[in-house]
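Note: hydrogens, waters and symmetry copies are ignored here, and every other heavy atom, side chains too, is used. Just so we're on the same page: letters track the sequence lines, and every chain starts at 1. All figures in this text were calculated on a predicted structure; none of them were measured in a lab.
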Amino acid sequence: MIDWGAIFSNAAVELISPTTAAYALAALGLAVHFGYTGLLNFGQAGFMALGAYGYAISILSFGFPVWAAVVVGIAASVIFALILGIPTLRLRADYLAIVTIAAAEIVRLLFTTNTFQPLTGSANGLSGYKGGFAALNPIPEGSYGFGPFQYNAYDWWLRLVAWTIVVLACLFTWQIMRSPWGRVIKGIREDEDAVRALGKNVYFYKMQSLVLGGVYGTIAGMIFVLPRAVVPSNYQTSLTFFIYAILLLGGAATILGPVIGSMIFWVLLSFFSGFIARAVEAGWLPFMSSIQAGQLRFILVGVAIMLIVIFRPQGIFGNKKELAFVK
Amino acid sequence: MSSDTAPSNKPVKTTDLHIGAAEPGCKKRDPILVADGVTRTFGGLKAVDVEHVEIPRGAITALIGPNGAGKTTLFNLLTGFDKPDSGSWTFEGRSLSGMPAFQVARMGQVRTFQLTKALGLLTVMDNMLLGAKGQTGENLFRAVLPFLWRKEESANEARAIDILTRFKLDTKKDDYAASLSGGQRKLLEMARALMSEPTLVMLDEPMAGVNPALTQSLLDHILNLKTQGMTVLFVEHDMHMVRHIADWVIVMAEGRIVAEGDPHEVMRNPAVIDAYLGQHHDEDLGADPTAEAENVVAIKELLE
C-alpha cells in the first residue's frame, strides 16, 4: 500500500528547505523586473549561475573568505546586468527577453566548456566549498527539530540564513516599492514615454531595477548551491521558467507572492513525485515505468500552472481589481 | 446641451506678440522657444522642414495644419522624443538640441500625448505624484528611509489634491487611472503635467476623443494655464477651438510653416485655405463668415 505519511512529510519538508528559499528569492528578483518594472528578463538562471560559480570559484580557486566570495558573486551579476542592459534597455521590451535568454545560455556554456576545466570543473561542476560557511555556524553540534523537520546543526544554520535573507529582501522590496522610487518604477511598467515626459530618467531607473533583481537572483544562486554541488546543467533555461511559474503562481507584482508561490511549487512538486513514484510501485499505473513517472510530475506542474494562469491570472496574492483593466 | 458648451466667459486674448509682418518665421517680442533649420525625414518623406519659428511667451499658440503636416513630429523633436536630421532650438535661451526627453521636461517644458498616456494601473493620486519634480524619495537608497521624504511627499499630496480639485478629479484620487473615462484621462494627463510646475505646456491634440460636454471645461483649463503665467503650445484640428482660445496660430503643411498670425487673420490667408483644401475639401475652417464665404467660393471653383 502507499505510505501516505512519507509522501506528506517529504512534501512538508520542502516548505522551509533552502532550495525553496533560493527559488523564492530568485522569483522576488523577477517580481522586481517583470512585475514592477515590466522588464522581460528571461535570464534569471544566468544570474543564479553567476552567484553559484562566483561564490564557489572564489573559495576553491582563490581561497577567499565567505564575505569576499559573496561580494565577488554580486559584483559579477552587477557587471552582467550592465552588459545586458546598456544595449537593450533603450529598445522595446521584447529585445531584452531575447538577449537575456541568450546571455544566460552563454554563461552556462562558458561554465560547461572544457577550456576552463581547472576553474569551473566543466560538466562535473564544483564541490567542497561549504567549509567557510559551516565554520560560521553558531549552533552547537547535534540534531534538532520536530516531526518531519529534523535536521543537524549545519542544515538548521543554512535554513536560518537562507530564510533570513528572504525576509530581509522582502522587507527591502516592500519598502522601496511603496516609496517614490517604486512609483516611478511602476509608472515605467505602465508607459515609459509618459514617465519620460515627466522628467524621469527612465533608462537609469530600468538599469537600477535590472541590477537589483539580478542581485537577488545571484544571492539566490548562492543559497541554491549550499545544500548541494555546483552543476552547470542546473542552470538551463528551464530554471528560469520554473521561477516564472512561481512568480505567476504567487502574483507578479506582489512581495509575498514569490515566497508563497515557491513554497506551493516545491511542496506540490515533492508531493506529485512521491505520490506517482509510489503509485507506480504499487501497480496503480500499470502503463508507466518508474522513469516515466519521474517526468510526469513536471507535466502535472505544467498543467497546474496553466490552470492558474487561465483562472487566476493575477496569482494568489495579486489584486483582483487590476484584472478589470487587462490591456 | 449647446448652451453648456457655449463660452462661459470671453477669453482675454494676448495681442501684439510679433515684430514686423505676421509671416512664417516672424520675430516675436519675447520668444520662449526658438527653432532654426529643423528637419526630419522618414525615408524619402520630409516630415518636418522648419526654417525658423519662434513661440511667444505667456500666450496660447496653436499649431494647426492638415493630417500629415508634421505637427506631431515637430512636437516630438522639440521635446526630445525624436532626433532631427539637422537643426537647433533653444528654450528660454538654453540650447535643447540633442537633449534627452527627461531633461527637456526637467527644464520646464512638459508635454502631453495625442493618445492619452494615463498610467492605468497606478491610482490617480500616484499619477499626480509622479509629476512632481526633484523628489528625494526617487533615489533608490533614500527610498529605503521614509523619514527623508515623508514630509516632501505630503506636501506634494496636498498640491496634487489642490490641482485635482480644480480638475474635478479629487473624488477619484484612489481609483486606478484605467477606470477613468477618455475625457477624464485627458484631464488627468494635463493635471499631472501641471504637477511639475512647467513654464511651457505642450498639448498634443488635447480635444481628440473628448466628449463635447467636457470640451468647455478643458478649454477653460487651458485658458487658466495662461492666467497662471504659463505658455501653451497646442496641436489641434478643431478650428472653433483654435479661434476661441488661441492668441497666435502657426499653420503647417507638408512639413513647412506656411502661415502665422492671429487666429482671425490667419484663416483668411490663402496659403492656409490652400493647405486645407488641397487635401480636405470638406474641412471645416470655423464659423468665421468671411472665411466660410471664401471657403465656399474656393470649393465651387474646384468643383467646376
Side-chain angles (χ1 to χ4, degrees), chain A residues 32 35-38 78 89-90 168-213 215 251-254 314 318-327, chain B residues 76 79-81 100-113 115-123 125-146 148-150 152-153 156 175-180 189 192-193 195-198 202 204:
Chain A
V32 172
Y36 286 105
T37 324
V78 171
L89 287 183
R90 287 183 202 279
L168 289 178
C170 283
L171 288 175
F172 179 78
T173 316
W174 175 71
Q175 176 54 38
I176 56 171
M177 286 309 168
R178 59 199 274 273
S179 77
W181 185 87
R183 190 161 59 219
V184 178
I185 285 291
K186 284 180 266 184
I188 290 170
R189 176 190 68 196
E190 296 302 312
D191 192 316
E192 58 175 85
D193 273 345
V195 176
R196 202 172 274 137
L198 294 170
K200 318 294 176 196
N201 188 347
V202 168
Y203 180 66
F204 187 53
Y205 277 101
K206 288 208 280 191
M207 188 61 93
Q208 291 176 10
S209 164
L210 187 65
V211 169
L212 180 68
V215 167
T254 60
Q314 80 272 36
N319 185 347
K320 191 119 203 256
K321 267 204 301 188
E322 294 185 2
L323 260 196
F325 314 110
V326 176
K327 277 180 247 171
Chain B
N76 287 342
T79 49
F81 276 85
F102 74 93
Q103 280 177 12
V104 173
R106 280 182 192 173
M107 287 177 63
Q109 181 186 326
V110 174
R111 73 170 292 182
T112 66
F113 294 87
L115 299 169
T116 323
K117 292 183 185 294
L119 305 167
L121 293 187
L122 261 60
T123 62
M125 181 49 102
D126 275 346
N127 264 275
M128 292 296 286
L129 292 173
L130 204 52
K133 278 202 283 196
Q135 297 183 51
T136 317
E138 287 186 353
N139 175 299
L140 176 55
F141 299 105
R142 278 175 285 194
V144 195
L145 309 166
L148 288 177
W149 45 263
R150 194 143 281 160
E152 191 185 77
E153 184 87 345
N156 282 337
D175 293 0
Y176 281 121
S179 70
L180 300 181
E189 201 182 20
R192 190 174 65 193
M195 277 298 284
S196 67
E197 299 176 320
M202 298 176 66
D204 195 350

*Against chain A, label B:Ala132 side chain, backbone, both or neither, depending on which of its atoms sit under 4.5 Å from a heavy atom there.*
backbone
*Is the backbone of A:Pro180 close enough, under 3.5 Å, to the side chain of B:Glu138 for a donor and an acceptor to pair up by distance?*
no
_Nearest atoms (heavy-atom pairs only) where B:Ala105 meets A:Ala197_ = CB-O, 3.3 Å
*Any idea which heavy atoms bring B:Leu119 and A:Ala194 closest together, and the distance?*
CD2-CB, 4.0 Å
*Check whether any side-chain heavy atom of B:Gln135 lies under 4.5 Å from a side-chain heavy atom of A:Val184, and answer yes or no.*
no
_For the CG atom of B:Asn127 and the CZ atom of A:Arg183, what is their distance to the nearest 0.5 Å?_
10.0 Å
Hey, can you pull the donor-acceptor pairs under 3.5 Å for the side chains in residues 169-178 of chain A, sequence neighbours left out?
from: A:Thr173; atom 1: OG1; to: A:Ala169; atom 2: O; distance (Å): 2.5
from: A:Thr173; atom 1: OG1; to: A:Tyr216; atom 2: OH; distance (Å): 2.8
from: A:Gln175; atom 1: OE1; to: A:Arg178; atom 2: NH1; distance (Å): 2.7
from: A:Gln175; atom 1: NE2; to: B:Ala143; atom 2: O; distance (Å): 3.3

*So which heavy atom on A:Lys200 is nearest to which on B:Leu130, and how close?*
CE-O, 2.9 Å
*Under 4.5 Å between any side-chain heavy atoms of A:Val202 and B:Phe102, yes or no?*
no
_Can you confirm whether B:Thr79 sits close enough to A:Arg196 that some side-chain heavy atom of one is under 4.5 Å from a side-chain heavy atom of the other?_
no
*For B:Arg192 and A:Leu198, what are the C-alpha separation, side-chain angles and deciding distance, and is it a side-chain contact (heavy atoms from CB on, under 4.5 Å)?*
CA-CA 8 Å; B:Arg192 190 174 65 193; A:Leu198 294 170; 3.7 Å; yes
*asked:* I need the A:Asp193 CG to B:Leu115 CG distance, nearest 0.5 Å.
replied: 11.0 Å
*Are any of the side-chain heavy atoms of B:Asn139 and A:Gln208 separated by less than 4.5 Å?*
no
*asked:* Out of B:Ala193, B:Gly134, B:Gly131, return the one with the most heavy atom pairs under 4.5 angstrom to chain A.
replied: B:Gly131
*Considering only heavy atoms, which portion of A:Tyr203 lies under 4.5 Å from any heavy atom of chain B: side chain, backbone, both, or neither?*
neither
